[in-house]
Amino acid sequence: MNVNQSVPPVPSFGQPQPVYPGYHQSSYGGQSGSTAPTIPYGAYNGPVPGYQQTPPQGMSRAPPSSGAPPASTAQAPCGQAAYGQFGQGDVQNGPSSTVQMQRLPGSQPFGSPLAPVGNQPAVLQPYGPPLTSAQVTAQLSGMQISGAVAPAPPSSGLGYGPPTSLASASGSFPNSGLYGSYPQGQAPPLSQAQGHPGIQTSQRSAPSQASGFTPPASGGPRLPSMTGPLLPGQSFGGPSVSQPNHVSSPPPQALPPGTQMTGPLGPLPPMHSPQQSGYQPQQNGSFGPARGPQPNYGSPYPAAPTFGSQSGPQPLPPKRLDPDAIPSPIQVIEDDRNNRGTEPFVTGVRGQVPPLVTTNFLVKDQGNASPRYIRCTSYNIPCTSDMAKQAQVPLAAVIKPLASLPPEEASPYVVDHGESGPLRCNRCKAYMCPFMQFIEGGRRFQCCFCSCINDVPPQYFQHLDHTGKRVDAYDRPELSLGSYEFLATVDYCKNNKFPSPPAFIFMIDVSYNAIRTGLVRLLCEELKSLLDFLPREGGAEESAIRVGFVTYNKVLHFYNVKSSLAQPQMMVVSDVADMFVPLLDGFLVNINESRAVITSLLDQIPEMFADTRETETVFVPVIQAGMEALKAAECAGKLFLFHTSLPIAEAPGKLKNRDDRKLINTDKEKTLFQPQTGAYQTLAKECVAQGCCVDLFLFPNQYVDVATLSVVPQLTGGSVYKYACFQVENDQERFLSDLRRDVQKVVGFDAVMRVRTSTGIRAVDFFGAFYMSNTTDVELAGLDGDKTVTVEFKHDDRLNEESGALLQCALLYTSCAGQRRLRIHNLALNCCTQLADLYRNCETDTLINYMAKFAYRGVLNSPVKAVRDTLITQCAQILACYRKNCASPSSAGQLILPECMKLLPVYLNCVLKSDVLQPGAEITTDDRAYVRQLVTSMDVAETNVFFYPRLLPLTKSPIESTTEPPAVRASEERLSNGDMYLLENGLNLFLWVGASVQQGVVQSLFSVSSFSQITSGLSVLPVLDNPLSKKVRGLIDSLRAQRSRYMKLIVVKQEDKLEMLFKHFLVEDKSLSGGASYVDFLCHMHKEIRQLLS
Ligand SMILES: [Zn+2]
């Protein structure tokens, strides 16, 4: 069946339902009133419970803060610079730039193969003929108009319209007047830049053609001879060009052969001599001409960036690329916001690329799942595996099955088919969806996934209209929407029994460290109020979730908090080798029934252990106990573990300190990411079988082996939080904020996810926090609305352009109230026989999400160097294939990037130089394991900002402006020492203060009279009654609200020693750990591409 149909826009239930409880099924499906739920056609069965409930559970329900954050000038803990969220580093290991460079076989698989499956050799035949020379000539001549606006070229119908050229050239051009002179939809000039090699990005479509040509937010017209780009209003007075702290601008020096990356993009092709070209480089800000060699620029860095393979021709002497002339993430984000942020994204058409994750937009479900649930690396899949192999573009979907939605969008409807259960294909078991085709007058349907013909059960029969569509199609979510839920029957339940409501067990480390830091007291106090905010469903008066409590050090203490008791009772289990639960009755209780006993317990715990001298802890027995308790209660649930130290006490899962930074950059580095013992995986497997999800809150003072301790959370769909050197006064706000969110968020338990595909492709690999006991079922003891599963697809047959490709993600889970449900997401993609169509419909942010997860899993099995090389090779292959098959013929010296992938190099470089793949000296082994684990479940928006942080200038926009200031590129040269900036990446939040900030500004924000009096490392801004203070604090609150974890603020002063931490996040610059600058990486990428093409 052709799934390219555009579903008519107004399903009766498809309207956004701003107020969740407002949907009662009264008018649904033509049934009036609140008829009984068991009617065969009663597609809706009562008010939709579940996730709609989320909004009211949000901030408005948040329990009162248990104490204002201290306004103290909190220094970073443990004496280490306030790399607060990560902890501290210790051993200086030096930059990793001395790694031997060697070319590995391309796409060397680790973990899982990068290369497409199948045994056929890649057939390197071009799909998608290049532009004819006539077309190119027409384009060129059309763009040659100096200083004028060029019309759109007629060839844009090819899908990869005129490439935009990023010329690398020296000399000065009278081009600056062209800023912003290209209105939307008009073609940019194609610049050949006087015979110098350059970079081009090909445009994807007319509306976005303007994208590369509007000036970058931070850019302004400037003279080519200037050494560094200046922000508007930027002062020359400060360290603008050769700042002493400019890590990437060492003094000029001779180039050691083979290491310089700052050269031109390649040897000058003879055919493009300056005399021949004659094209004015009509560049604007983001694609302006490059500078020639500059004193502070043209030289290589003392330590060459650690690229992967570096063979091939030596480049000519250095010509520095202009940072303003290479694709700007800020510009791409801005353009997408402007072009796509105004209209809702309607999902009725197959293969549409959604707006970027950085764009705010509403979604209307008209037959395909919202991009909030599923994003793909490409929305147009090559028809054959040969094409896919040639392009090397990973085919993957990032799926967030329980994503929370903005209040304007309706949560998935719950469909109840009564005892017969959801309708499925008999052969492939796919669930009824809008793409199933009804035939024979409605008596049968053909499966859109496997083509099997199925009978329609009598109770589901409906007549077809003249187009062959069921007349009730728009009355049924499963026939007209991309996402919906089915109530599951008992057949979908474990042991054929409907589940009991889940339970939460709080397991609190009461060893010396936990007591000493004030953690136990803080936590117990918080729980007293937080327990009133457990997730509820369907407007229920109270949560169905029962709670239990355990404390532990070397032994475990269980508490009987039965409502009939006057005081809680403690039962100690010291035989941790063979864990059992000493009490069943009274351990898991209803919070309201046992409130008095629980409150009493939480009051007593800090007192009971106040004088403890016990420093040793166990870990595995604790989880085991929680899991056994759930098993005994015959329910799923979640353990909240609050843990402080390496579990060295004699017990199963006992660990030793095996941290060894000397392993970095050796073949044994992977062991740092691997668990120490198999006991943790074994335990995790048992937990998954029980539906026991584990959330781990870590409060380490030193190495705790996060790589091992996070195994169980990772495999059970849980979360890990880490508060290094926790101190109540400094860290309580962050901890309590994370805890509240974690406890309140809606979770699905005992879940199984299966992704079905139409014939021709299949899901072959999975990334995320889950367990798999076979090759198809993703098992999740718990799954919350923040977690994603990234799925990779491979061809197993030829696809068809007409029918496209279909994905159906089915998640079977137990809701917070104990209801068994199936959530279904469907997505139809296009298929292509021209590679250009693939490149035109890619989404780079999603590609990066996949590639980062692929690489972060790879470090478990391969040296990080090999992992980096694989990424670089794959990126080069992707871009070389485009260049070879899709781009217009042009100078070999030009780097031509597909419009949709023009940010691939900059983003990939951020992945390559991230803490996991290229650690700096300040990053601990635990930090790396922690970050590695976090990224594994991140969605696309999170990986986007994590790898390329947002840098927001604070005083440039009008004080009364309530919108976020436009971001600037993450590079030191974008910083003005007369301004302040907020930098955030979803985990970290910095406020950088320039040394020349006006005194009035300093006073307004910090309540001190001069820059020198600002406390470096400050984590709380004083609450002052002036517009600037309110604005900045408001912005900080707003940034925090956008992220799933609380970001602790760190104030960094220019030139201060803390600045080093901040600079770590200026990802376009060369990093101290040896990571390449954006410009250098682009040059390197170009070299790799040229090598592949030659
Ligand atoms: Zn089927």
Side-chain angles (χ1 to χ4, degrees), residues 1-5 7 43 350-351 367-369 373-374 376 381 383 395 397 399 401 415 417 420-462 464 468-470 472-473 476-489 491-492 752-764 766 774-778 791-812 821-831:
M1 126 179 219
N2 182 358
V3 295
N4 200 12
Q5 62 204 3
V7 179
R350 186 178 80 186
N368 284 291
Y373 296 123
I374 308 181
C376 294
I381 301 181
C383 275
L395 303 176
I399 307 178
V415 180
H417 284 321
S420 62
L423 191 52
R424 309 174 69 172
C425 168
N426 287 328
R427 185 199 285 163
C428 73
K429 303 296 179 192
Y431 293 86
M432 182 51 68
C433 73
F435 308 125
M436 297 287 187
Q437 184 145 37
F438 287 87
I439 53 177
E440 296 181 25
R443 290 190 305 277
R444 294 179 152 192
F445 70 94
Q446 180 165 28
C447 176
C448 51
F449 294 93
C450 73
S451 301
C452 174
I453 308 272
N454 295 273
D455 289 335
V456 173
Q459 74 273 18
Y460 200 74
F461 174 80
Q462 186 54 267
L464 309 183
K469 185 181 271 294
R470 279 173 65 118
D472 65 349
R476 290 186 175 274
E478 77 275 20
L479 296 181
S480 53
L481 292 181
S483 302
Y484 43 87
E485 296 201 326
F486 289 115
L487 277 190
T489 61
D491 300 338
Y492 294 84
V752 182
M753 186 181 115
R754 169 82 71 97
V755 178
R756 291 182 175 81
T757 49
S758 53
T759 311
I761 54 167
R762 64 195 166 88
V764 293
F766 303 84
N774 58 42
T775 56
T776 53
D777 293 326
V778 176
V791 183
E792 189 187 7
F793 302 94
K794 292 272 164 74
H795 286 78
D796 57 9
D797 203 349
R798 197 187 162 81
L799 293 167
N800 182 315
E801 272 184 296
E802 192 191 333
S803 53
L806 299 175
L807 315 179
Q808 182 178 78
C809 166
L811 178 81
L812 175 64
R821 295 203 201 134
L822 281 148
R823 179 170 287 203
I824 313 292
H825 297 296
N826 302 291
L827 185 64
L829 302 172
N830 283 328
C831 297

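In listed order, ligands and their atoms are each counted from 1.
At distances below 3.5 Å, not a single donor-acceptor pair connects side-chain atoms of Glu478 with backbone N or O atoms of Tyr484. Using a distance-only test at 3.5 Å, with no hydrogens or angles considered, no donor-acceptor pair links the side chain of Arg821 to the main chain of Glu485. Formation of a donor-acceptor pair under 3.5 Å by the Asp777 side chain with backbone atoms of Val752 is not found in this model.
Because the distance cut-off is set at 2.8 Å, Cys452 fails to qualify as a neighbour of the Zn ion (ligand 1), as none of its N, O or S atoms comes that close. Using a cut-off of 2.8 Å, one finds that Cys450 contributes an N/O/S atom close to the Zn ion (ligand 1).
At the Zn ion (ligand 1), the vertex angle linking SG of Cys428 with SG of Cys425 is 110° (nearest 10 degrees).
Stacking of Arg470 on the aromatic ring of Phe438 is recorded, both the 6.0 Å distance cut-off and the 45° axial limit being met.
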